[in-house]
Amino acid sequence: MVATAATSAFIPVPSPSAPDPGSKPKKLANLGGMKPKSISSGGLQVKANAQAPPKINGSSVSLTTPVETVKHEGEMSSSSSSSSSPPPRTFINTLPDWSMLLAAITTIFLAAEKQWMMLDWKPRRPDMDMLIDPFGLGRIVQDGFVFRQNFSIRSYEIGADRTASIETLMNHLQETALNHVKTAGLLGDGFGSTPEMCKKNLIWVVTRMQVVVDRYPTWGDVVQVDTSVGASGKNGMRRNWLVRDYKTGEILTRASSVWVMMNKKTRKLSKIPGEVRGEIEPYFLDSDPVVEEDSRKLQKLDDNTADYVRTGLAPRWSDLDVNQHVNNVKYIGWILESAPLPILESHELAAMTLEYRRECGKDSVLQSLTAVSSNGVGNLASHADIECQHLLRLEDGAEIVRGRTVWRPKYAKNFGTFDQLPAEST
């Protein structure tokens, strides 16, 4: 404000009335040693600072007061007012300090961009942009009756044929079954058990599984797994799966299973209580079977009827599930332990039927038995399907799983070129 007053003192302003020609011009105050100049054009006299005396910090300032005195008083007044009262409120000093807020927003955006770059890394496959479910979390479709989940075939999930193993496919089926229960809000503290099942110490156990593989996916393929449930008799539940190639929609695998309830403490089978039935029946889907049921009786093998026997099979700690018994998928691996190597090299598993008869504990030691049909190992060059019978039993002879598998010849499409076929299949 001192600067404003000092500046106004040097702006010439016309006098409100013309001076008397006969009168003598008035002398101007000596403003810091400067001499004012008069303008004699047309007898008009102009004086500097002819307006009303300005006010500085609320006090009038005489025009005859030297500029140095005005400046000194202004500084003294500002010093005293700043020590006794806060500075006057203006638009500028009432605004909030935006620098801290802008710094926080910038930090958040930089962190989010870093996380997005980690998720959206380059390069990536063009067909991966087609995924609706990129994180594989799954979702409910078809009016709430079907659960759908996508899986990408990893490098550690393929075998010597560069295709996904049967264990990989079975793990996908089991994963979608559990996620179906979880997404529907029915997952208790057990392995796929509903809240009412947990209250009654009940768990699900599979009694029969039937799988048909039309084509095995390869490394990098994305498969889409649909699963649904329905009634199976009075005290059972059927679960179906359809596995498709996500890109083409081609059906790769069809599977169906039957589940019953077992008491977790007594290890005995149980009927489905009314409370549990009320939880699961709203999700039952009445649909046609995805696999034509193979009603043929599974044979019981022994040392005399088996062609191949593998002994000394024992579960590891990692083979146990949360219910403290061996995971169902592990049984399939043990069954194939006794399959003859020439069949594994020249054929691929096309269909499988399993009957689970007893659970296996962590201290169990098992034996795997396999019997090959008459046109089996000695007739591999005919490129015909081969059927095998299987039995997984404890050392004392108690049956764990009975099974039947069908094997079809491997074709060149699974390898890319004919010269990559195993020697045994040519």
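By convention here, the first residue in the shown sequence is residue 1. The model shown is predicted, which means the values in this text are computed figures rather than measured ones.
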Report yes if the side chains of [X] and [Y] come closer than 4.5 Å at any heavy-atom pair, otherwise no.
X: Q367; Y: E395; answer: yes
X: I332; Y: M209; answer: no
X: L202; Y: P273; answer: yes
X: R162; Y: T218; answer: no
X: N179; Y: T227; answer: no
X: W241; Y: V211; answer: no
X: L366; Y: L394; answer: yes
X: S232; Y: M237; answer: no

> Salt bridge between R254 and D288, side-chain N to carboxylate O under 4.0 Å?
Replying inline: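 The answer is no: the pair does not qualify as a salt bridge.
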> Should the pair E355-R208 be classified as a salt bridge under the 4.0 Å nitrogen-to-oxygen rule?
Replying inline: yes
Has the side chain of [X] got a donor or acceptor atom that lies under 3.5 Å from a matching backbone atom of [Y]?
X: T305; Y: L301; result: no
X: Y308; Y: V372; result: no
X: Q210; Y: E292; result: yes
X: R402; Y: L298; result: yes
X: R408; Y: D214; result: yes
X: S228; Y: L285; result: no

Distance-minimising heavy-atom pair for [X] and [Y]:
X: S256; Y: V290; answer: CB-CG2, 4.5 Å
X: P409; Y: H347; answer: N-CD2, 3.4 Å
X: K410; Y: L344; answer: NZ-O, 2.8 Å
X: C360; Y: W334; answer: SG-CZ3, 4.3 Å
X: T370; Y: A339; answer: OG1-N, 3.9 Å
X: K200; Y: N263; answer: O-ND2, 4.0 Å

Does one side chain, of [X] or [Y], offer a donor that lies under 3.5 Å from an acceptor on the other?
X: E337; Y: S368; value: no
X: T183; Y: R139; value: no
X: T405; Y: H390; value: yes

>> Is there a side chain to side chain contact (heavy atoms under 4.5 Å, CB included) between V309 and S338? Walk through the geometry before answering.
In response: CA-CA 6 Å; V309 179; S338 60; over 6 Å; no
> Step by step, would you call T207 with Y356 a side chain to side chain contact (heavy atoms under 4.5 Å, CB included)?
Replying inline: CA-CA 5 Å; T207 60; Y356 296 86; 5.6 Å; no
Nearest-0.5 Å distance that lies between atom [atom1] in [X] and atom [atom2] in [Y]:
X: I153; Y: L169; atom1: CD1; atom2: CG; answer: 6.5 Å
X: M261; Y: S193; atom1: CE; atom2: OG; answer: 8.0 Å
X: L269; Y: M262; atom1: CG; atom2: CE; answer: 7.5 Å
X: F151; Y: Y246; atom1: CZ; atom2: OH; answer: 14.0 Å
X: N171; Y: N327; atom1: CG; atom2: CG; answer: 6.5 Å
X: W219; Y: T163; atom1: CH2; atom2: OG1; answer: 14.0 Å

> With respect to E359, which candidate in R267, K268, K330 satisfies the salt bridge (Lys or Arg N to Asp or Glu O under 4.0 Å) definition?
Replying inline: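 Filter result, single survivor: R267.
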> Any idea how F147 and H180 line up, ring-wise: parallel (<30°), tilted (30 to 60°), or perpendicular (>60°)?
Replying inline: parallel
>> So, using salt bridge (Lys or Arg N to Asp or Glu O under 4.0 Å) as the criterion, who are the partners of R316 when residues are at least two apart?
In response: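 Expected list: D319.
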> For D396, which residues count as a salt bridge (Lys or Arg N to Asp or Glu O under 4.0 Å) partner, sequence neighbours excluded?
Replying inline: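 Applying salt bridge (Lys or Arg N to Asp or Glu O under 4.0 Å) to D396 gives none.
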> Does the pair I166 and L336 meet the rule for a side chain to side chain contact (heavy atoms under 4.5 Å, CB included), with working shown?
Replying inline: CA-CA 10 Å; I166 186 63; L336 299 181; 3.9 Å; yes
> Are Y331 and L354 close enough, and set up right, to give a side chain to side chain contact (heavy atoms under 4.5 Å, CB included), and what steps lead you there?
Replying inline: CA-CA 10 Å; Y331 294 148; L354 302 176; 5.9 Å; no
>> Give me each pair satisfying salt bridge (Lys or Arg N to Asp or Glu O under 4.0 Å) with a member in residues 224-237, each pair once, sequence neighbours excluded.
In response: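 Pairs touching residues 224-237 that pass the test: R148-D226, D226-R244.
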